[in-house]
Protein chains: 2
Amino acid sequence: MSRASDQAYAKIRAHLLSGAVKAGEQLTEDQLAQITGVSRTPVREAVRRLEDELLLVRSESKRLFVADWSRNDIEEMFALRQMLECHAAERAAHRLTQAQVAELEAVNHALRAAIEQPVPDVARFLEANRRFHEAIIDAAHSPRLGQLLARLVEAPVVLRTARNYSLEDLRQSARDHDELIAAFAARDPEWARAVMGSHLRRAFHTFANTVGPATGDEEAEAA
Amino acid sequence: MSRASDQAYAKIRAHLLSGAVKAGEQLTEDQLAQITGVSRTPVREAVRRLEDELLLVRSESKRLFVADWSRNDIEEMFALRQMLECHAAERAAHRLTQAQVAELEAVNHALRAAIEQPVPDVARFLEANRRFHEAIIDAAHSPRLGQLLARLVEAPVVLRTARNYSLEDLRQSARDHDELIAAFAARDPEWARAVMGSHLRRAFHTFANTVGPATGDEEAEAA
DNA sequence: TGAACTGTTATTGTATACAAAACGCCTACG
DNA sequence: CGTAGGCGTTTTGTATACAATAACAGTTCA
């Protein structure tokens with residue numbers, strides 16, 4: 001990838017993640033150019049990507065703001081992700097080679113290693129988790145599916161970094177992964193889909209409970 | 001929207017649609033700047049959007065080409081669209097107001113008017129069809145769902161313009177829409193989902209049969 | 001007081017020039 | 001012959017200056 005715009009992308013993303021800016025706050029391309037150390041041209045490129053991922057949004061008049069994900073936004077995102085990723089799991093169950101299944105086992109082993117130590121390494125857990133799901137999506141052999149999921153998956157992980165996963169949550173994820181691997185090894189698409197569904201739905205509740213309660217009317221915002 | 005980049009987007013799209021360029025052909029930003037009459041900066045913006053819609057693709061080394069949709073690509077796209085749009089229909093069935101249902105009826109009436117004349121007006125049919133599906137997606141009140149679908153739906157419509165829809169195909173679409181409206185009026189999400197599923201699946205076969213037979217191995221390309 | 005207008009400032013959009021990278025051809029060398 | 005390497009050309013990437021547009025504040029007029 002191109003040098004400056006990727007750098008800008010990574011730095012802006014890190015900047016959002018760092019908590020230095022609040023949701024809803026306005027940003028300008030100039031500010032971001034200063035922060036990233038490149039000119040506005042690659043910044044604009046990076047900003048477009050972040051808009052795609054819904055980390056940044058533009059007002060009607062094209063001014064730039066940090067996205068503010070409501071509980072309902074998160075629910076919606078997880079619902080879509082579940083639909084697409086269950087599909088991916090099903091397709092992957094048809095297609096995964098033994099070598100790829102072994103790779104999944106290795107990744108989940110690394111994931112466990114990140115958990116099972118005096119102080120669980122959440123960053124390493126998240127990275128292994130990302131690789132696990134990515135491998136499944138790749139094995140689904142559906143490039144557009146991968147493209148659609150890419151923009152759904154990253155956003156919430158970045159936005160709410162201060163979540164405290166309990167050790168039990170992390171372990172349950174690893175067990176879910178084990179069962180997914182079993183479904184893949186058995187070449188059972190229905191099983192894989194079902195496990196992926198419950199895995200993501202649980203993840204949603206774990207995640208959402210750290211954000212706040214749902215609003216009474218699911219459509220309050222959309223209207 | 002911004003003036004020059006939107007203009008560039010529309011012109012490039014029309015240029016691709018016109019058949020003046022073949023699938024797989026290389027384009028350069030300079031060429032497109034000349035064609036559109038604006039500088040490369042807004043052209044690059046437009047190209048990014050067209051890349052998102054998969055009408056244009058870039059080689060590993062960032063050179064620009066007209067996308068070449070294989071039969072398998074089209075299958076994949078329709079499968080995803082079906083998954084998402086069935087979900088949209090289900091949600092819409094929960095949420096559509098009577099006024100919105102009436103609006104759908106009006107749009108489908110216009111769709112029929114475009115068909116039922118000495119020479120069916122396919123362009124008007126496609127436009128009415130687009131509005132019909134768009135209204136359902138809007139009523140689903142899921143902004144991200146709409147965003148994801150937007151980039152799936154347009155591409156194939158543009159790429160293969162020389163299709164010849166039979167009058168019977170067009171009429172069947174109108175009948176499907178009628179049944180969807182009935183499902184919405186009955187507030188029956190399951191019914192709406194099922195009708196949308198068969199509607200899109202039939203559309204897929206109608207569409208795909210004008211492209212060519214499927215390859216023996218679905219994964220031939222992905223690999 | 002308040003509502004519309006106008007000049008000022010802040011911000012995004014576009015053009016252009018230049019830098020970097022990739023392709024293709026051609027030559028030199030094994 | 002075949003292949004590796006170098007050089008001119010093509011193409012994309014980046015910086016910068018300027019243009020257009022939107023927000024803001026201050027002022028005037030009813």
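Letters A, B, ... are given to chains in the order of the sequence lines, protein chains preceding strands, and every chain is numbered from 1.
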- Output all residues satisfying salt bridge (charged side-chain N to carboxylate O under 4.0 Å, His left out) with A/Arg130, sequence neighbours left out; order by chain, then residue number. A/Glu127, A/Glu134
- B/Gln7 CD to C/dG13 P, straight-line distance once rounded to whole Å: 15 Å
- What is the distance, rounded to the nearest whole Å, between atom CZ of A/Arg49 and atom C1' of D/dG13? 14 Å
- Between CG of A/Asp30 and C1' of D/dA22 the distance, given in whole Å, is 16 Å
- Task: Could you tell me the separation between the CD atom of B/Gln26 and the P atom of D/dT12, rounded to a whole number of Å?
- Result: 6 Å
- Are OP1 or OP2 of C/dA21 and a side-chain N or O of A/Arg3 less than 4.0 angstrom apart? yes
- Answer yes if the ring centres of A/His133 and A/His199 are under 6.0 angstrom apart, and no otherwise. yes
- Task: Would you list the pairs meeting side-chain hydrogen bond (donor to acceptor under 3.5 Å, both in side chains) in which at least one residue belongs to residues 106-115 of chain A, sequence neighbours left out?
- Result: A/Asn108-A/His177, A/Asn108-A/Asp178, A/Arg112-A/Asp178
- According to a strict under-4.0 Å criterion, is B/Arg40 in side-chain N/O contact with OP1 or OP2 of D/dG13? no
- Message: For a quick test of reading the model: is some side-chain N or O of B/Ser39 closer than 4.0 Å to OP1 or OP2 of C/dA15?
- Response: yes
- Between A/Arg63 and D/dA22, does any side-chain N or O lie under 4.0 Å from OP1 or OP2? no
- Minimum-distance nucleotide to B/Ser61 side chain [options: C/dC23, D/dA23, D/dT12]: C/dC23
- Note on the structure: Heavy-atom nearest nucleotide on DNA chain D taken for A/Val38 and for A/Ser59; more 5' hit belongs to A/Val38
- Value in whole Å for how far the P atom of D/dA19 lies from CD of A/Glu29: 19 Å
- Query: So what does A/Thr28 touch, heavy atoms closer than 4.0 Å: a base, only the sugar-phosphate, or nothing?
  - Reply: sugar-phosphate
- Task: State whether a side-chain donor-acceptor pair under 3.5 Å links B/Ser70 with B/Asp73.
- Result: yes
- Message: Measure CG/B/Leu32 against P/D/dT11 and give the value in whole Å, please.
- Response: 12 Å
- Rounded to the nearest Å, what distance is computed from the CZ atom of residue A/Arg44 to the P atom of nucleotide C/dA15? 12 Å
- For atom CD of B/Glu45 and atom C1' of D/dG13, their distance in whole Å: 15 Å
- Task: Check every strand shown and say whether B/Leu27 touches a base, only sugar-phosphate, or nothing at a heavy-atom separation below 4.0 Å.
- Result: sugar-phosphate
- Checking side chain to side chain contact (heavy atoms under 4.5 Å, CB included) against B/Arg49, which of B/Leu55, B/Ile12, B/Asp6, B/Leu56 comes through? B/Asp6
